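Reading through the structure tokens given below for one structure.
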Amino acid sequence: GASAQGGSALVGFEDLADEWKDDSDLLFIGKLLVGCLAASYAVKYVGIVVQPSVDALPPLAIAVIFVPSLLNALKWYGRSQGSRDGLL
């Protein structure tokens with residue numbers, strides 16, 4: 001990971017394999033569970049507190065779908081061109 005040892009930054013979920021390779025199966029599943037629970041609670045309760053206007057919902061929904069997809073495509077395009085970290 002991105003540490004003082006000069007490692008590269010995490011670029012995607014597949015990089016967690018390198019970061020977590022020494023973990024036991026139980027610890028790995030625990031980390032995944034905690035991450036999934038944290039993300040699901042954040043989505044549920046932030047949505048209650050932050051209420052975008054009805055007019056903002058379609059562009060927000062499009063952004064939620066296309067921004068991560070675009071970033072992933074740029075990452076893999078950069079990697080196919082020989083860059084370890086993609087274009088970003």
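Bear in mind the structure is a predicted one, so any value in this text is a computation, not a measurement.
- Closest approach of Pro68 and Ala63 over heavy atoms only: CD-O, 3.6 Å.
- How far CD1 of Ile29 is from CG of Asp23: 11.5 Å, rounded to the nearest 0.5 Å.
- From Tyr41, atom OH reaches atom SG of Cys36 across 12.5 Å, with rounding to the nearest 0.5 Å.
- Closest approach of Leu32 to Trp20, counting heavy atoms only: CD2-CZ3, 3.9 Å.
- Within a 6.0 Å sphere centred on CD1 of Ile48, heavy atoms belonging to other residues, nucleotides or ligands number more than 12.
- Linking Ile, Leu, Val, Met, Phe, Trp and Tyr residues whenever their side-chain heavy atoms come within less than 4.5 Å places Ile62 and Ile65 in a single cluster.
- To the nearest 0.5 Å, atom OG of residue Ser53 and atom CG of residue Asp55 are 5.0 Å apart.
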